[in-house]
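Have a look at the structure below, then the notes.
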Amino acid sequence: MSKNIKTYLLLGIVLLIWGIIGFKVLSALSPEDETLALAENVNFEPKEVAEKDTFNILVNYRDPFLGTLSLSKKRTKKVVKKREVQFPSVNYTGLITDQNTKNHIFFVTISGNQYLMRVGNTQSDVTLVSGRSNNIKIRYKGILKTIPLQNATQ
């Protein structure tokens, strides 16, 4: 065979192989729409579910390193009792706002004594947690309570 014939024959085989590869890639990237066959009168019956086999492992064997029996510790849940706390008489009667610094000073009456308090201050074991113009939140012995604003007409 001459040199040109071998070259043309090999070129044709290479083009054929690359053509097959290109066709497969293009057919994978753009699949044709398949028509869906609609089934009529399909009866659906779910499969039976088998119960799971459960087991417990008893760990009452001797510890191979210590030579003692291992005993599992029983966990007990702690029951938290709610504390009954007698709140003192607390009234919120108003507030003063400093226009320059925006600090609030609250008028709080505790057991008949009036105090000027800021957020975080404590008087007679009553701590002022937060406050707004219509209510304040106080904490007494760990319990949080919201006190509404008392009107001056009352």
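Just so you know, these numbers use all the heavy atoms, side chains as well, and skip hydrogens, waters and symmetry mates.
- Evaluation of the side-chain contact (heavy atoms from CB on, under 4.5 Å) rule for S133 yields L95 as partners, not counting sequence neighbours.
- Taking a 4.5 Å side-chain heavy-atom cut-off between Ile, Leu, Val, Met, Phe, Trp and Tyr, the cluster of F23 contains only that residue.
- Side-chain contact between F55 and I57: present, with at least one pair of heavy atoms (C-beta onward) separated by less than 4.5 Å.
- Counting non-hydrogen atoms of neighbouring residues, nucleotides and ligands closer than 6.0 angstrom, the CZ atom of F87 exceeds 12 such neighbours.
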Could you list the donor-acceptor pairs under 3.5 angstrom formed between side-chain atoms of residues 106-123 and any protein atom two or more places apart in sequence or on another chain?
residue, atom, partner, partner atom, Å
T122, OG1, T127, OG1, 3.0

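- The same ILVMFWY cluster, assembled from side-chain heavy atoms under 4.5 Å apart, contains both V126 and L149.
- With sequence neighbours excluded, the residues that form a side-chain contact (heavy atoms from CB on, under 4.5 Å) with L15 are L11.
- Atom NZ in K141 sits 6.5 Å away from atom CG in D125 (nearest 0.5 Å).
- Y8 OH to K3 NZ: the interatomic distance, rounded to the nearest 0.5 Å, is 12.5 Å.
- For I20, the side-chain contact (heavy atoms from CB on, under 4.5 Å) partners at least two apart in sequence or on another chain are L16, K24.
- Under a hydrophobic clustering in which Ile, Leu, Val, Met, Phe, Trp and Tyr are joined whenever their side-chain heavy atoms come within less than 4.5 Å, directly or via other members, Y92 and I105 fall into different clusters.
- Grouping the Ile, Leu, Val, Met, Phe, Trp and Tyr side chains by contacts below 4.5 angstrom, directly or via other members, places I21 with I13.
- For the pair N135/I147, no side-chain contact is recorded, criterion being any heavy-atom separation below 4.5 Å from C-beta on.
- When hydrophobic side chains of Ile, Leu, Val, Met, Phe, Trp and Tyr are connected at separations under 4.5 Å, L144 ends up clustered with V129.
- For the pair V90/P88, a side-chain contact is recorded, criterion being any heavy-atom separation below 4.5 Å from C-beta on.
- Distance check, rounded to the nearest 0.5 Å: CD1 of I136 to NZ of K145 gives 11.0 Å.
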